[in-house]
Amino acid sequence: MHDHVYNPKEIEPRWRKFWESAGLYQSDAVSDKEKEYILVEFPYPSGAGLHVGHVWGYTMGDVIARRARMNGKNVLYPMGWDAFGLPTENYAIKTGIHPAIATAQNIETFKDQMERLGFSFDWTKEINTTDPSYYKWTQWIFLKLFEKGLAYKQEMPINWCPSCKTGLANEEVTSENTHERCGNVVERRMILQWLLKITEYADRLIDDLSTVDYTNDIVSQQVNWIGRSEGSYIKFTVSTDNDKYIEVFTTRADTLPGVTFVVLSPEHPLVADITTKENQEEVEKYCESAFLKSELERSQLQKEKTGVFTGGYVINPLNGEKVPVWVADYVLFHYGTGAVMGVPAHDERDMAFATLYDLPVVEVPDVGEDASKHIIGLLSVNGMAREGVEYKLRDWIFSRQHYWGEPIPIINCKKCGLVPVPEDQLPVTLPNITDFEPTIDGRSPLAKVTDWVNVTCPACGGPAERETDTMPNWAGSSWYFLRYVDPHNTDEFASQKKLDYMTPVDLYIGGAEHTTLHVLYSRFWHKVLFDLGYVSTAEPYSKRRNRGLILAPDGNKMSKSLGNVINPNDEVDAVGADTLRMYELFMGPYNETFPWNPSAEKGIYRFIERVYALTYIIVEKNSNITSLEIDQKIHKTIEKVSADLDSMKFNTAIAALMECVNVIERNPRDISISNWGSFIKLLAPFAPFAAEEMWSVLCGKLEPYESIHAQSWPELDRNKLIEDTITIPIQVNGKLRDTINVSSGDITEETVVGLAKASTKIMGWIGGSQITKTVYVPGKMVNFVIQQEG
RNA sequence: GCCGGGGUGGCGGAAUUGGUAGACGCGUUGGACUUAAAAUCCAAUGAGUGAUGAGCUCGUGGGGGUUCGAUUCCCCCCCUCGGCACCA
């Protein structure tokens with residue numbers, strides 16, 4: 001005999017087992033049914049376990065997925081592991097435990113946590129980026145990029161983390177010039193690196209944003225990150241050598257008459273040519289010290305500009321004036337042409353520089369777009385100017401000098417150069433090693449595995465070496481959403497048929513920190529695959545929403561060192577998964593930041609308890625009639641919850657469920673079991689365990705039992721929404737003075753205004769004054785405008 | 001500095017094609033139950049004022065404006081969060 005007390009500890013494990021054996025959440029790879037692909041970012045399975053922030057995003061996806069299933073859709077809601085990465089490798093260095101072992105353990109923990117939370121993931125589609133059967137295809141895609149000329153090697157100054165002994169992408173360096181993962185200060189170094197030509201896709205990555213549904217903040221962040229700016233390239237001929245010129249990029253060609261100097265970045269190839277003998281020593285010294293500073297150091301010292309005069313001059317192509325050429329590190333080599341025309345009168349930075357070195361300031365009277373066009377028109381005739389576009393976005397540094405990543409499937413042959421590993425030899429698997437330390441010169445530990453490194457060249461058959469760099473952890477996540485569609489395919493990364501059916505992703509939920517990294521990178525890869533004909537849409541995600549942040553109760557970020565971390569497992573133990581899920585959704589809008597509030601969590605628990613108790617009362621009363629009031633409330637709730645789920649307003653959807661319960665609780669005998677069933681269905685996506693338990697109570701535990709999560713979403717009867725009386729506010733001069741109740745069948749202006757005028761309160765306010773205007777908004781309100789005295 | 005969000009009770013928040021501000025939850029206060037406490041249930045809960053009644057006045061960061069009517073629209077300003085930042 002049940003004691004009818006809500007006991008999540010008892011019911012949750014029971015239903016978990018039931019769902020598992022029923023295979024409720026499996027999706028069909030191809031089906032006649034309409035598909036819905038809900039994607040949440042797969043986690044990096046760290047040793048710390050699942051974070052309440054993960055739980056929030058996964059719950060959002062879960063609610064939407066469950067609701068879509070109840071709407072009869074074939075729903076893919078998959079989960080996997082983004083398991084390559086540095087922390088696991090560092091852990092291996094410290095403990096000697098192989099990354100594969102640690103990863104497997106962490107995955108087990110994460111998976112168990114996810115199952116305890118009742119997420120309806122289709123585990124038959126589980127993927128793991130470190131599984132050779134997965135990274136085979138990551139490598140395969142890399143080879144496609146290589147064949148297409150989008151992957152190349154280049155010696156270049158890079159951000160170098162001396163602690164991790166690895167090169168970093170700009171995205172991995174914080175604004176404090178530290179490595180985002182380990183916190184150490186980043187240096188600068190020349191190293192041969194793999195790069196991916198994401199810049200080639202810059203325009204499309206901006207322009208195609210208009211074809212997808214991303215929120216405004218995501219769109220503008222991506223657009224800013226890519227940083228397209230349209231301008232002109234203008235040539236300044238070297239005064240002592242007519243064949244040589246310095247080309248500058250400017251968005252303000254109209255200020256060309258105001259140029260009083262030209263500045264080269266210290267790395268500019270023309271620096272040596274233009275520098276005079278007298279200035280050579282000083283210029284060389286300056287350039288050398290500039291190189292040693294990292295880029296971020298350079299930009300951080302922005303207030304104090306420095307520079308040095310080369311002794312050389314160039315000719316302003318517009319007016320023939322001779323202008324001095326300087327070298328200064330406020331000019332960035334990688335942006336534009338690495339050279340800038342100095343117009344102190346119209347640019348703050350140029351002004352600061354001119355003031356410092358006492359350079360002349362010339363104001364240009366006639367500025368504006370028309371002036372620009374005119375000047376470019378004049379100069380382009382002699383080939384001295386052209387229009388063009390620049391981007392802040394730079395090519396993606398794609399190699400890491402580490403073990404725990406996908407080996408780059410390239411063979412270095414002295415004779416043939418860079419030779420791709422033949423497709424039938426993929427995957428290039430990681431050798432099993434025990435020494436995870438990088439080499440002293442900063443190469444991957446793979447470089448020490450000579451058996452693995454030394455191979456014969458696939459092209460010439462001569463001795464050659466494998467590439468020892470591995471891919472960054474962004475590689476596996478750049479295409480994982482495609483693999484979920486067909487995760488066990490050994491012939492292709494996914495079959496065309498399955499891709500055509502299930503992609504693109506209908507909704508992608510994830511963290512805001514991935515807007516300019518993962519989301520941009522994966523859009524890029526997807527477009528490359530699209531160009532090659534492997535996928536049929538230009539964009540991978542139809543809709544992207546960034547979830548907000550959960551802070552610790554003290555308002556700080558949760559961190560081990562502060563000891564303020566909320567562990568989802570503790571919450572599940574204390575209040576159950578349903579309460580945890582609903583609490584997080586009830587905090588507020590899905591994309592905002594909230595500190596953890598344990599007392600608010602209590603409110604949700606109480607709510608579930610009340611619904612639970614009500615279920616037993618309703619079953620006992622066993623009514624087959626529902627009162628008009630409650631029937632109406634049920635349908636209003638169906639309408640509200642459905643609409644709110646469509647727009648991800650989880651917090652107000654839950655509020656609507658609470659309101660509904662508040663009404664029913666007043667008269668639990670006035671609702672039929674089947675109508676209460678409708679309510680439980682509305683609750684099911686939010687609190688899947690409790691709803692299932694209550695459903696089983698309503699159904700009298702029929703055998704074979706059909707899960708609530710396999711039921712259809714309650715149907716809305718709009719006729720039930722019509723109320724027989726409406727309360728209409730009556731205003732006098734825009735201020736509320738009375739309300740009247742009017743039969744909804746009779747809301748003509750004549751009747752309503754007549755009733756309003758008859759109100760004694762309103763009569764009192766109007767008194768003897770003249771009504772100058774009567775405003776009637778049908779069914780909404782009445783306003784009398786009267787002459788005001790004095 | 002630039003780009004994008006925000007600013008509403010003691011707290012989290014709700015409500016915008018302009019139309020009863022404060023839904024829902026937390027907290028608080030009073031009451032019931034209990035030997036007592038917890039839990040639960042009932043009631044009250046924006047501020048001021050009024051006899052603890054009807055009611056009235058004020059009230060959505062500040063100041064102006066449009067309107068019969070503004071949390072909502074327009075202009076100016078302040079604060080705050082997130083992103084970018086010597087990008088020519």
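Below, chain A is the first sequence line, B the second, and so on; all start at residue 1.
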- Item | Interatomic distance, Arg547(A) atom CZ to Thr59(A) atom OG1 [nearest 0.5 angstrom] | 10.5 Å
- Message: Measure NZ/Lys640(A) against P/rA15(B) and give the value in whole Å, please.
- Response: 6 Å
- Query: Can you check rG9(B) for me, syn or anti if syn means within 90° of 0?
  - Reply: syn
- Query: Could you state the OH-P distance from Tyr335(A) to rC84(B), rounded to the nearest angstrom?
  - Reply: 17 Å
- Which value, in whole Å, describes the distance between the P atoms of nucleotides rU66(B) and rG13(B)? 34 Å
- Query: Any donor-acceptor pair under 3.5 Å between the side chain of Lys305(A) and the base of rC86(B)?
  - Reply: yes
- Task: Look at Trp765(A) and rC56(B) and indicate whether a side-chain polar atom (N or O) is within less than 4.0 Å of OP1 or OP2.
- Result: yes
- What class does the angle between the rings of Phe261(A) and Phe353(A) fall in, given that below 30° is parallel, 30 to 60° is tilted and above 60° is perpendicular? tilted
- Does Arg606(A) make a side-chain N or O approach to OP1 or OP2 of rU40(B) shorter than 4.0 Å? yes
- Query: With a non-hydrogen cut-off below 4.0 angstrom, is Pro595(A) in contact with a base, only sugar-phosphate, or nothing?
  - Reply: nothing
- Short side-chain donor-acceptor distance under 3.5 Å, Arg610(A) and Asn662(A): yes
- Query: Rounded to whole angstrom units, what separation is found between the NZ atom of Lys780(A) and the P atom of rA15(B)?
  - Reply: 14 Å
- Query: Expressed as a whole number of Å, how far does the C1' atom of rU72(B) sit from that of rG55(B)?
  - Reply: 29 Å
- Task: For this output row, return yes or no: ring centroids of Tyr583(A) and Trp596(A) closer than 6.0 angstrom.
- Result: yes
- Look at atom CD of Glu592(A) and say whether more than 12 heavy atoms of other residues, nucleotides or ligands are closer to it than 6.0 Å. yes
- Message: Taking only the P atom of each, what is the distance from rG19(B) to rG10(B) in whole angstrom?
- Response: 25 Å
- Query: Does Asn651(A) have a side-chain nitrogen or oxygen under 4.0 Å from the phosphate oxygens OP1 or OP2 of rG12(B)?
  - Reply: no
- Item | Spacing of OH belonging to Tyr335(A) relative to OH belonging to Tyr391(A), to within rounding of 0.5 Å | 10.0 Å
- Task: Rounded to the nearest angstrom, tell me the gap between atom OH in Tyr612(A) and atom P in rU40(B).
- Result: 17 Å
- Task: Test side chain to side chain contact (heavy atoms under 4.5 Å, CB included) on Asn546(A) and Thr215(A) and set out the steps.
- Result: CA-CA 8 Å; Asn546(A) 288 344; Thr215(A) 45; 5.6 Å; no
- Are any of Lys649(A)'s side-chain N or O atoms less than 4.0 Å away from OP1 or OP2 of rA15(B)? yes
- Message: So, does Asn662(A) get its side chain near the phosphate of rG25(B), meaning an N or O under 4.0 Å from OP1 or OP2?
- Response: yes
- Item | Exercise: do Thr306(A) and Tyr286(A) side chains pair donor with acceptor under 3.5 Å | yes
- rA85(B) to rU71(B) separation - C1' atoms, rounded to the nearest Å: 34 Å
- Message: Judged by each residue's nearest nucleotide on RNA chain B, which is more toward the 5′ side, Gly336(A) or Phe594(A)?
- Response: Phe594(A)
- Item | Nucleotide nearest Leu332(A) (side chain, heavy atoms from C-beta), chosen from rA14(B), rA88(B), rG19(B) | rA88(B)
- Query: Hey, does the side chain of Lys602(A) come within less than 4.0 Å of rG27(B)'s phosphate (OP1/OP2), counting only N and O?
  - Reply: yes
- When rounded to the nearest Å, what value does the distance between C1' atoms of rU29(B) and rG61(B) take? 30 Å
- Nearest-nucleotide pick for Thr250(A), side chain only, options being rG25(B), rC3(B), rA88(B): rA88(B)
- Task: Please work out if Met658(A) contacts a base, only the sugar-phosphate, or nothing of the nucleic acid, heavy-atom cut-off 4.0 Å.
- Result: sugar-phosphate
- Task: Looking at every strand, decide which applies to Ser229(A) at a 4.0 Å heavy-atom threshold: base, sugar-phosphate, or nothing.
- Result: sugar-phosphate
- Message: Counting only side-chain heavy atoms from C-beta out, which of rC68(B), rC24(B), rA88(B) sits nearest to Lys773(A)?
- Response: rC68(B)
- Message: Could you tell me how far rG65(B) sits from rA70(B) if I compare only their C1' atoms? Round to whole Å.
- Response: 11 Å
- Query: rU67(B) P sits how many Å from Phe784(A) CZ, rounded?
  - Reply: 22 Å
- Between atom CG in Asn216(A) and atom C1' in rG83(B), what is the gap in whole Å? 13 Å
- Task: Give RNA chain B the dot-bracket treatment, 5' to 3': Watson-Crick (N1-N3 with N6-O4 or O6-N4) or G-U (N1-O2, O6-N3) under 3.5 Å, [ ] crossing, | other strand.
- Result: (((((((..(((......[....)))((((((.......))))))((((.....))))..(((((..]....))))))))))))....
- Please find out if less than 6.0 Å separates the ring center of Tyr605(A) from that of Tyr6(A). yes
- Item | Between Asp644(A) and Thr652(A), a side-chain donor and acceptor under 3.5 Å | yes
- Between rG5(B) and rU17(B) - C1' atom distance, rounded Å: 23 Å
- Atom pair distance, as rounded to whole Å: CD in Glu348(A) and P in rA85(B): 18 Å
- Note on the structure: When Asn591(A) and Arg610(A) are each assigned the nearest nucleotide of RNA chain B, the 5'-most assignment goes to Asn591(A)
- Message: Below the 4.0 Å mark, does rG83(B) have OP1 or OP2 next to a side-chain nitrogen or oxygen of Thr516(A)?
- Response: no
- Query: Could a donor-acceptor pair under 3.5 angstrom be found where the side chain of Gln731(A) meets the base of rG19(B)?
  - Reply: yes
- Item | Separation of the C1' atoms in rC11(B) and rU45(B), to the nearest angstrom | 14 Å
- Item | Under 4.0 angstrom between Asn783(A) side-chain N/O and rG19(B) OP1 or OP2 | no
- Query: Looking at Arg737(A), does any N or O in its side chain come under 4.0 Å of the phosphate oxygens OP1/OP2 on rA54(B)?
  - Reply: no
